[in-house]
Amino acid sequence: MEQHIRQALLKAAPELFGCAITDELIQFQQTRKDVEGDLTLVVFPFVKLLRCSPQAAGDKLKTWIEANVPGVSHCIVINGFLNIVLTDAYWLEQLFLMQAQPLYGFAQENSKPTVMVEYASPNTNKPLHLGHLRNIFLGAAVAEILRAVGHKVVRTQVINDRGIHICKSMLAWEKFSPVNARGERETPSNTGLKGDKLVGKYYVEFDKALQKEAKAIMAQWQSGNFSDTPEAVQQAVLNFAQAKQDKDEKAQAAIDDKIKELAKNQTSILQEAKQMLVKWEARDPQVYLLWTTMNGWVYEGFEQTYAQMGVSFDKLYYESDTFLLGKDQVMEGLKAGVFYQKPDGSVWIDLTADGLDEKLVLRSDGTAVYMTQDIGTAIDRFKDYPDLHGMVYTVGNEQDYHFKVLFLILQKLGYTWANNCFHLSYGMVDLPSGKMKSREGTVVDADDLMAEVIEKANAMTQERGHLEGLSEAARHALYTQIGIGGLKYYLLKVDPKKRMLFNPEESIDLQGNTGPFLQYAHARISTLLEKASYQPNAIKLATTLSPVEKEIIKQLSYFESALQEAAKGYSPALLANYTYELVKLYNAFYQSVKIVIEPDQEIRQLRLELSSQVRQTISKALSLLGIAAPARM
RNA sequence: GGUCCCGUAGCUCAGCUGGAUAGAGCAACUGCCUUCUAAGCAGUAGGUCUUUGGUUCGAAUCCAAACGGGAUCACCA
């Protein structure tokens, strides 16, 4: 309708205003809830053009629109706004149009270029936690939304399966894992631990040992004993100690950290881990075997977690496969003059001309860093998918700088697709107690959290659900749908780029703006339609609509634009909020009128059609968010 | 210190490209199940949109500065 009026006005401008007008002059907005109208045209822009008062300009537009635009009932001019009231017949027609297309709001499949969406991408040394949940739910939802607006989508993750962090777990396991009676060290099968949890445990063990050894070294330094310390390090420590004087507390703490860093570097255990990494890059058979085994454990654990989350991937990338390509690229870039080499052999890029710093892309010992791998992975992906148009990286906002640099490097290496790479940057998830810190044990484990919300859904559903006749398995599935659905909605309803607070109690809430609220509406309509033995059927266009009914159709008709906005802004939150508004409207309607038991057949049918379309829309929106829509609960 | 992000009700958040009297949920209080699922609905109360300037017919929204919070500036990933 907006488009209609817009076109009509543009065409009629010469006769109406005496001159042609530009598109931006015509501004539509949603009409305020408390005044009559379905669509509002802002009159102010026309005031200057017509050189008259807002009221007069409004009147002029009103007369013209009422006479020339079909579907318009009448217009009201208030305070410089022209509120357009559309006819009930127009709205009924909209409802039929939606009913006639089950995929209303969705674009045609594969009508837009291929996009790869990366999410999850965990390290293989730690189990998944709350931060990963936001990442994964967000990425998975964005992938679905992009698909719905017509893109071909490849869901992917890159698995950080190499690097010093893996070696730490491997080393700790070799050193500290107890041996049982059969001479075996701990494995997932002989401990019953999930693989990722077991490996994570040894990562922590490593850190403990490292801290302990570093502490001892610092104590030595404190007492002036530098017998085992290289000259250069000794000098650095003494310099830091010197610098510490006459500094404020904060600066002193920062210097202490630096000294600690030096001490850590002197520990034998870290040296061993570094040697292991070098061996790994040289494909030492023993190290490789251990690496394969322990990573295998982690993957198995992650698989379970992903299954519980209800997410999946189309294609996996392993950094162990792409880092060599990254190194090659760096060498080529070096030849081409994009990078430069320092005397110690390390390779850098100078981005000072772009307002950024110098950035390391290859270590002096020739091993790869994070950036090296990411360069390789990106190029690998565009090789694998020749029709790939762009990438979306779902990664936390603490890496804003990293991605800025990455995209810039790819551009400088001459890859034009770098312009279509987007960093879907999201804010951290805070706890009421503050930031999650692994050292302080405040990390919320993904598996534990999911188990908790399912348990809560279980308890609540037992208490107030309608479960008669459901099998034990079906009930359990329902608890999972509600628990996980609630968790997803909780994490997705907030604007991704904003930092958010995770309140454990609210996250399993069922009332208000929550996942179960939407699911409940869906279930209620489902059983309602079943009881009514609903069959789609045409309604006379002469049927009149109540204000709520009209509001609901209006909101239903916004689905497409809500979806478009969500895709454009990579923001599932927009879709979540849209759906919440729709459900609130419908609930008010549901409570205030009779539907199944409405005696007037024409009205009954209209209300059923309306309910059916609301259910459809909730179901579509929830599925885009990765949330199940149960038929009863 | 440089760069980037954020600041809306007691709490958690909406508020799209500037538009009418700034909205929800939670928490608090009042009502509504002998009619289709009350995980619901109707209502009361709660605001200097951090502050100060600027642009504009019009600013929570755009610009600048200040204040407050966070991230980042590693041969970590």
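Chain A is the first sequence line, chain B the second, and so forth, proteins listed ahead of strands; every chain is numbered from 1. From a predicted model like this one, the values you see are computed outputs, not experimental measurements. Heavy-atom basis, side chains included; hydrogens, waters and symmetry copies ignored.
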> Starting at the 5' end of RNA chain B and moving along, which residue's nearest nucleotide shows up first, A:N160 or A:D357?
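Mapping each residue to its closest nucleotide by heavy atoms, the 5'-most match is A:D357.
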> Rounding to an integer number of angstrom, what distance separates B:G31 and B:A71 when you compare their C1' atoms?
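The answer is 48 Å between these two C1' atoms.
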> Please output the side-chain donor-acceptor pairs of residues 425-436 of chain A that fall under 3.5 Å, not counting sequence neighbours, one pair per line with the distance.
{"from": "A:S425", "atom 1": "OG", "to": "A:D400", "atom 2": "OD1", "distance (Å)": "2.9"}
{"from": "A:Y426", "atom 1": "OH", "to": "A:N135", "atom 2": "ND2", "distance (Å)": "3.1"}
{"from": "A:D430", "atom 1": "OD1", "to": "A:R499", "atom 2": "NH1", "distance (Å)": "3.1"}
{"from": "A:D430", "atom 1": "OD2", "to": "A:R499", "atom 2": "NH1", "distance (Å)": "2.2"}

> Indicate for each nucleotide in nucleotides 9-16 of chain B, in 5' to 3' sequence, whether protein heavy atoms under 4.0 Å reach the base (B), only the sugar-phosphate (S), or nothing (-).
---SSSSS
> Go through the structure and list residues passing side chain to side chain contact (heavy atoms under 4.5 Å, CB included) with A:L574, not counting sequence neighbours.
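Checked A:L574 against side chain to side chain contact (heavy atoms under 4.5 Å, CB included); matches are A:E565, A:A566, A:S571.
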> Give a yes/no on whether any side-chain N or O of A:R162 is located under 4.0 angstrom from OP1 or OP2 of B:C76.
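A:R162 to B:C76 OP1/OP2: no side-chain N or O under 4.0 Å.
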> For a quick test of reading the model: is some side-chain N or O of A:Y520 closer than 4.0 Å to OP1 or OP2 of B:A39?
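Indeed, a polar side-chain atom of A:Y520 lies that close.
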> Rounded to the nearest angstrom, tell me the gap between atom CD1 in A:I597 and atom C1' in B:U35.
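After rounding, the gap between these two atoms is 4 Å.
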> Does a nitrogen or oxygen in the side chain of A:R607 sit under 4.0 Å from OP1 or OP2 of B:C36?
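It does not, given that no N or O in the side chain of A:R607 lies less than 4.0 Å from OP1 or OP2 of B:C36.
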> Considering only heavy atoms, which members of residues 523-531 of chain A lie under 4.0 Å from some atom of RNA chain B?
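Within this stretch, A:A523, A:R524, A:T527, A:L528, A:K531 sit under 4.0 Å of the strand.
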> Can you tell me, in whole Å, how much space there is between the C1' of B:G68 and that of B:U50?
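Those two atoms are separated by 8 Å.
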> Can you list everything that forms a side-chain hydrogen bond (donor to acceptor under 3.5 Å, both in side chains) with A:D509? Sequence neighbours excluded, please.
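In terms of side-chain hydrogen bond (donor to acceptor under 3.5 Å, both in side chains), with neighbours along the sequence ignored, A:D509 is linked to no residue.
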> Syn or anti for B:C33? Use the chi torsion, O4'-C1'-N9-C4 for purines and O4'-C1'-N1-C2 for pyrimidines, with syn inside 90° of 0.
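Syn.
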> When the nearest nucleotide of RNA chain B is assigned to A:L478 and to A:W348 on a heavy-atom basis, which residue is associated with the more 5' position?
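First, find each residue's nearest nucleotide; the 5'-ward one identifies A:L478.
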> Quick one: A:Y586 OH to B:U37 C1', roughly how many Å, whole number?
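That distance rounds to 11 Å.
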> Rounded to the nearest Å, what distance is computed from the CG atom of residue A:L622 to the C1' atom of nucleotide B:A39?
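In whole Å, B:A39 C1' lies 14 Å from A:L622 CG.
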> Can A:K554 and A:E549 be counted as an ion pair, charged N to O under 4.0 angstrom?
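No.
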> Using the test side-chain hydrogen bond (donor to acceptor under 3.5 Å, both in side chains), find all partners of A:D374 that sit at least two apart in sequence or belong to another chain.
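If we apply the side-chain hydrogen bond (donor to acceptor under 3.5 Å, both in side chains) test to A:D374, skipping adjacent residues, the hits are A:H402.
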> What's the gap between B:G19 and B:G15 when it is taken at their C1' atoms, as a whole Å value?
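So the two C1' atoms sit 13 Å from each other.
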> Quick check: closest heavy atoms across A:I484 and A:V453, and the distance to 0.1 Å?
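Smallest heavy-atom distance, with atoms named: N-CG2, 4.3 Å.
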> By side chain to side chain contact (heavy atoms under 4.5 Å, CB included), which residues pair with A:A368, not counting sequence neighbours?
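Result, side chain to side chain contact (heavy atoms under 4.5 Å, CB included) vs A:A368: A:R162, A:F323, A:K327, A:T372.
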> For A:K488 and A:L625, which heavy atoms make the closest approach, and how far apart are they?
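Taking A:K488 first and A:L625 second, the nearest heavy atoms are CD-O, 4.0 Å.
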> Rounded to whole Å, please give me the gap between CD in A:E398 and P in B:A77.
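In whole Å, B:A77 P lies 15 Å from A:E398 CD.
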> With rounding to whole Å, what would you report as the distance between B:U56 and B:G18 at their C1' atoms?
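To the nearest whole Å, 9 Å.
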> Could you tell me whether A:T40 contacts a base, only the sugar-phosphate backbone, or nothing, with contacts defined as non-hydrogen atoms closer than 4.0 Å?
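Base contact - A:T40 has a heavy atom under 4.0 Å of at least one base atom.
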> Could you tell me how far apart A:H423 (NE2) and B:U72 (P) are, to the nearest whole angstrom?
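Taking atom P of B:U72 as the reference, NE2 of A:H423 is at 12 Å.
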> Test of understanding: with side-chain hydrogen bond (donor to acceptor under 3.5 Å, both in side chains), list the residues that count as partners of A:R363, not counting sequence neighbours.
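With sequence neighbours excluded, A:R363 shows a side-chain hydrogen bond (donor to acceptor under 3.5 Å, both in side chains) to A:T367, given in chain and number order.
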> For A:S346 and A:S364, which I'm curious about, is there any donor-acceptor pair between the side chains at under 3.5 Å?
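No, no side-chain donor-acceptor contact under 3.5 Å.
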> Please measure how far the P atom in B:C62 lies from the corresponding atom in B:C49, and state the result in whole Å.
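Straight-line distance between the two P atoms is 16 Å.
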> Considering only atom P, compute the distance from B:G43 to B:G25 and round it to an integer number of Å.
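It comes out at 10 Å once rounded to the nearest Å.
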> Taking the P atom in each of B:G7 and B:U12, what is the distance between them to the nearest angstrom?
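Approximately 13 Å lies between the P atom of B:G7 and that of B:U12.
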> Looking only at the side chains, is there a donor atom on one of A:K260 and A:N265 sitting less than 3.5 Å from an acceptor on the other?
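No donor-acceptor contact under 3.5 Å links the two side chains.
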> What does the list of N/O pairs under 3.5 Å between the protein and nucleotides 31-33 of chain B look like, with a distance for each?
none

> For A:K456, I'd like to know if atom NZ has over 12 heavy atoms of other residues, nucleotides or ligands within 6.0 Å.
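No.
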> Is a donor-acceptor pair below 3.5 Å formed from side chain A:S592 to base B:A42, judging by atom type as modelled?
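Side chain to base: no pair below 3.5 Å.
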> List in chain and number order the residues that pass salt bridge (charged side-chain N to carboxylate O under 4.0 Å, His left out) with A:K493, two or more places apart in sequence or in another chain; answer none if no residue qualifies.
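None.
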> What's the gap between B:C5 and B:G47 when it is taken at their P atoms, as a whole Å value?
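Taking atom P in both B:C5 and B:G47, they lie 32 Å apart.
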> Round to the nearest Å and state the distance from A:I375 atom CD1 to B:A77 atom P.
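Going from A:I375 (CD1) to B:A77 (P), I get 14 Å.
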> Can you find a donor-acceptor N/O pair under 3.5 angstrom joining the side chain of A:D374 to the base of B:A77?
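Per atom types, no contact qualifies.
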> Using a 3.5 Å limit for the pairing distances, which stems of at least 3 consecutive Watson-Crick or G-U wobble pairs does RNA chain B take part in?
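B:1-7 with B:67-73, B:10-13 with B:23-26, B:28-32 with B:40-44, B:50-54 with B:62-66 - these are the stems of 3 or more pairs that involve RNA chain B.
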> Give a yes/no verdict on base stacking between B:G19 and A:F44: centres under 5.5 Å, planes within less than 30° of parallel.
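A:F44 vs B:G19: stacking yes.
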> Centroid-to-centroid, A:F407 to A:Y393, below 6.0 Å?
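Yes; A:Y393 has its ring centre under 6.0 Å from that of A:F407.
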> By a 5.5 angstrom centroid cut-off and a 30 degree plane limit, is there stacking between A:F81 and B:G19?
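Here the ring of A:F81 and the base of B:G19 are not stacked, as the 5.5 Å and 30° limits are not both satisfied.
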> Checking A:E319 now: which residues fulfil side-chain hydrogen bond (donor to acceptor under 3.5 Å, both in side chains) with it, not counting sequence neighbours?
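Counting only residues at least two positions away or on another chain, A:E319 forms a side-chain hydrogen bond (donor to acceptor under 3.5 Å, both in side chains) with A:Q373.
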> Does A:E551 pair with A:K33 as a salt bridge, N-O distance under 4.0 Å?
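No, this pair does not count.
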